[in-house]
Amino acid sequence: MNSFKAKAKAQHNIDTHDPITVTYRHILTTNITNKHPLRVVALVDSDAFYAACEMVRLGVDRETPLVVMQWSSFIAVNYPARKYGISRFGKDLVSVEEARKRCPELRVVHVATYKEGQAEPGYFDKPDPLTHKVSLDYYRRESKKIHQLIADSVPAGTSERASIDEAFIDFTRAVLDVMLERWPHLSKPPQDDMDSALPTPPPINWDGLGHLIPSNDGVEDPEAFDHETTWHDVALSIAAELMDNIRKEIDSRFGYTTSAGLAKNKFLAKLCASYKKPNSQSILRNTAIVGYLQPLPFQKIRFLGGKLGQAISEEFEAATVGDLLSIGLGELQSKFGDNAIWVYELMRGIDRSEVKERPDQTKSMLASKNLPKPITRPGEGQHWIRVLAAELALRLREARAETPGLWPKSIVLHARKGYESSRSRQAPFPFVQDATVDVIAAAGDKLWKELVGVSWTDKTKVSSLQLSFTGIATQETGQQNIEGFFGSRKRKRTEEEDVEKALDDAHDVGFSEFTCERCSKNIKIPWGGKEEEMQAQAIRVEHEDFHFAMDLAKSADMATAAPSKRPDSRSKTTAASSKPQGKGIEKFFKRR
DNA sequence: TCTTCTGTGCTCACCAC
DNA sequence: GTGGTGAGC
Ligand SMILES: Nc1ncnc2c1ncn2[C@H]1C[C@H](O)[C@@H](COP(=O)(O)OP(=O)(O)OP(=O)(O)O)O1
């Protein structure tokens, strides 16, 4: 209930979010900043996104409980399934079997995987992590469709892709447009005085606009809960209408339900989006901000979950945002340096960060594989690099189909040995007509040798590999020539041959053969069942090992001859000397 | 569902050199 | 530009 009262308002200035006088200038300005008094930001989040994607793909009913698995863990659990106590993090419920026992009608879907380095991913009931590689491509594509629809539904440049299933929208511009359309007199300031205050705002009917987070700000008098309507509330209600329309459109067009939060800035929008889920939206009026924040344990807030939050909590014996409100800025600064202002403001719901449009295309593309059974032979590495290359080839091809000029600047290979942190090597990725598996794998192999070649021993175990493209952008001039990039290669392959070969890799029947990149030799491999596949793989790995050994001999010579690259320049610039312990509090920005 | 937590597979931002 | 880290979904 929100009665429209004409009582004189008592301005309390302690509350930063108090109504400030909104003028005609505010309504008519074309320059909307993050300080605009009617600023409204929304955060939209798809409900149980991967699970929703699979429900759409399989055409299952909305009420069907469904989980998405990645190996043996739940990566997404839809809301019907959550009712059975199945959760992503459940410690009392870990196995699919248990989940099925609790919920017999549960649909269980494993994410798509590449089997044995095939050219395209497929769905398997119980893929083997030793031989398969996860593909998240479908979710990225669905995400893109949703973001495109959002971007097309709001003024240009007012939406931001925040993650695979989240987007921010700055509704301020759109809201002002609606206001002027709905109340034309707002464009005519009395006596042409742009700085005169707007008339009293109209009453608002919040019905159907979402969940209003209560304005319970700790005041005892129930009358005090009933705050007067402000122009910012009007702005929120209009944004809520717009948001609701967009959410309905996402649902009817693509079948995805979403939840949204609406508030005066990004931080608060994100925070209130989770107030009520799923398929719902929540509204945080300025009068409700303090009340909503106060009981919140601040260590749940972004960036405060780690050491900084822990340090603050110990220093001030505080747990909630409310506990911290009594700490002055000076005191906070004396203990926590530059971050103090940012923390101080956040605790008060202040966040000036802008909603900024991000290019649709990501700047990097990563294909990675954790190796449950670490590899002990370099040839196995080449096998997995080929698998990763196949995925990158497909994804780059997709991206280029949409944006033809796209090309990555560099290719990077990361490898983790045992429990050490991972090491990487990168190289330019010169333009070729078509990014085939072969071209990418060859570049990856080269990096693989640089990375582990000279240092490979009997005891070397590589437990993780990541191959990625970085600096993906539409191509500018230059670097059209690949001649000499793969020095050892004699024969120049045509694009058609490359495509053909990539397809062969996946689809040949009976007895197959592969052409070795290095020696151009055609090597026969069995094809057919699981058994044959394993044999084929063994042959491939064997052959790769052979080349690797040859290279090793070569590069070992080179290493002793020219130690310019990488011998032990490491040992000098490590730990003690290199890190100035982070300036100020930056060292606290490490989780856990 | 609702004491945010796992490990895996991502993307991005930032830092030192 | 290269290589490493941290943060979040
Ligand atoms: N740590 C992770 N590793 C891999 N994938 C993740 C991880 N966290 C989240 N995802 C994926 C699966 C999720 O469906 C998708 C969106 O994440 P998120 O928004 O946090 O949860 P959700 O969409 O599954 O549920 P909710 O409805 O609560 O938002 O991203």
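We name chains A, B, ... by the order of the sequence lines, and we start the count at 1 in each one. A quick note: this is a predicted structure, and the numbers were derived from the prediction, not measured.
- Under 4.0 angstrom from either OP1 or OP2 of dG4(C) there lies at least one side-chain N or O belonging to Arg423(A).
- Comparing Pro278(A) and Lys356(A) against DNA chain B, the residue whose closest nucleotide sits nearer the 5' end is Pro278(A).
- No contact: Lys300(A) has no heavy atom under 4.0 Å from any strand.
- OP1 or OP2 of dG4(C) lies within a sub-4.0 Å distance of a side-chain N or O belonging to Ser424(A).
- Atom P of nucleotide dC12(B) and atom CD of Gln466(A) are separated by 14 Å, given to the nearest angstrom.
- For Phe89(A), taking side-chain heavy atoms from C-beta onward, the closest of the listed nucleotides dC10(B), dC2(B), dT6(B) is dT6(B).
- Among the atoms of the strands shown, base atoms are found under 4.0 Å from some heavy atom of Arg88(A).
- At the phosphate of dC12(B), OP1 or OP2 sits under 4.0 Å from a side-chain N or O atom of Arg161(A).
- Using a 4.0 Å heavy-atom cutoff across all strands shown, Lys133(A) reaches sugar-phosphate atoms only and no base atom.
- Separating the CZ atom of Arg141(A) from the P atom of dT11(B) is a distance of 14 Å, rounded to the nearest angstrom.
- Here Arg395(A) reaches the OP1 or OP2 of dT11(B): one of its side-chain N or O atoms lies under 4.0 Å away.
- Partners of Ser424(A) by side-chain hydrogen bond (donor to acceptor under 3.5 Å, both in side chains), not counting sequence neighbours: none found.
- In terms of phosphate contacts, Asn370(A) brings a side-chain nitrogen or oxygen within less than 4.0 Å of OP1 or OP2 of dG9(B).
- Comparing Ser410(A) and His414(A) along DNA chain C, the residue whose closest nucleotide (by nearest heavy atom) sits nearer the 5' end is Ser410(A).
- Protein atom CE of Met365(A) is 15 Å distant from nucleotide atom C1' of dG9(B), rounded to whole Å.
- Using a 4.0 Å cut-off between a side-chain N of Lys or Arg and a carboxylate O of Asp or Glu, Lys144(A) and Glu402(A) qualify as a salt bridge.
- Just one of Trp71(A), Tyr123(A), Trp384(A), Phe124(A) meets the ring pair (Phe, Tyr, Trp, His ring centres under 6.0 Å) condition when paired with His132(A); it is Phe124(A).
- The pair Glu142(A)-Arg57(A) does not meet the salt-bridge criterion, since no charged nitrogen lies less than 4.0 angstrom from a carboxylate oxygen.
- Residue contacts shown for Ala81(A) are absent, as no nucleic acid heavy atom lies under 4.0 Å away.
- Using a 4.0 Å heavy-atom criterion, one finds that Lys270(A) contacts the sugar-phosphate atoms exclusively.
- Residue Arg358(A) places at least one side-chain N or O closer than 4.0 Å to OP1 or OP2 of dA13(B).
- Taking the nucleotide of DNA chain B with the nearest heavy atom to each of Gln70(A) and Tyr79(A), the more 5' of the two is matched to Tyr79(A).
- With P as the reference atom, dC12(B) and dT8(B) are 22 Å apart, rounded to whole Å.
- At whole-Å resolution of the value, CD1 in Ile164(A) and C1' in dT8(B) are 14 Å apart.
- Rounded to whole Å, atom P of dC17(B) lies 18 Å from atom CD of Gln426(A).
- Distances shorter than 4.0 Å separate some side-chain N or O of Trp71(A) from OP1 or OP2 on dG9(B).
- Classification of the Phe429(A)-Phe469(A) ring pair by plane angle, with boundaries at 30° and 60°, yields tilted.
- In summary, Arg395(A) and Glu391(A) engage in a salt bridge, as defined by a charged side-chain N under 4.0 Å from a carboxylate O.
- In this structure, Phe74(A) places its CZ atom 17 Å from P of dT4(B), rounding to the nearest Å.
- Here the P atom of nucleotide dT2(C) and the CG atom of Leu451(A) are 15 Å apart, to the nearest Å.
- Rounded to whole Å, the distance from CZ on Phe469(A) to C1' on dG9(B) is 17 Å.
- Side chain of Val134(A), nearest nucleotide from dC9(C), dC10(B), dG9(B): dG9(B).
- In this structure, of dT11(B), dG9(B), dC2(B), it is dT11(B) that holds the atom nearest to the side chain of Leu366(A).
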Could you go through residues 265-277 of chain A and list every donor-acceptor pair under 3.5 Å that involves a side-chain atom there, pairing it with any protein atom two or more places apart or in another chain?
unit_1    : atom_1 : unit_2    : atom_2 : d
Asn265(A) : OD1    : Phe267(A) : N      : 3.2
Asn265(A) : OD1    : Leu268(A) : N      : 2.9
Asn265(A) : ND2    : Gly349(A) : O      : 2.8
Lys266(A) : NZ     : Glu160(A) : OE1    : 2.8
Lys266(A) : NZ     : Glu160(A) : OE2    : 3.4
Lys266(A) : NZ     : Glu354(A) : O      : 2.9
Lys270(A) : NZ     : Glu166(A) : OE2    : 2.6
Ser274(A) : OG     : Leu271(A) : O      : 3.3
Lys277(A) : NZ     : Asp45(A)  : OD2    : 3.4

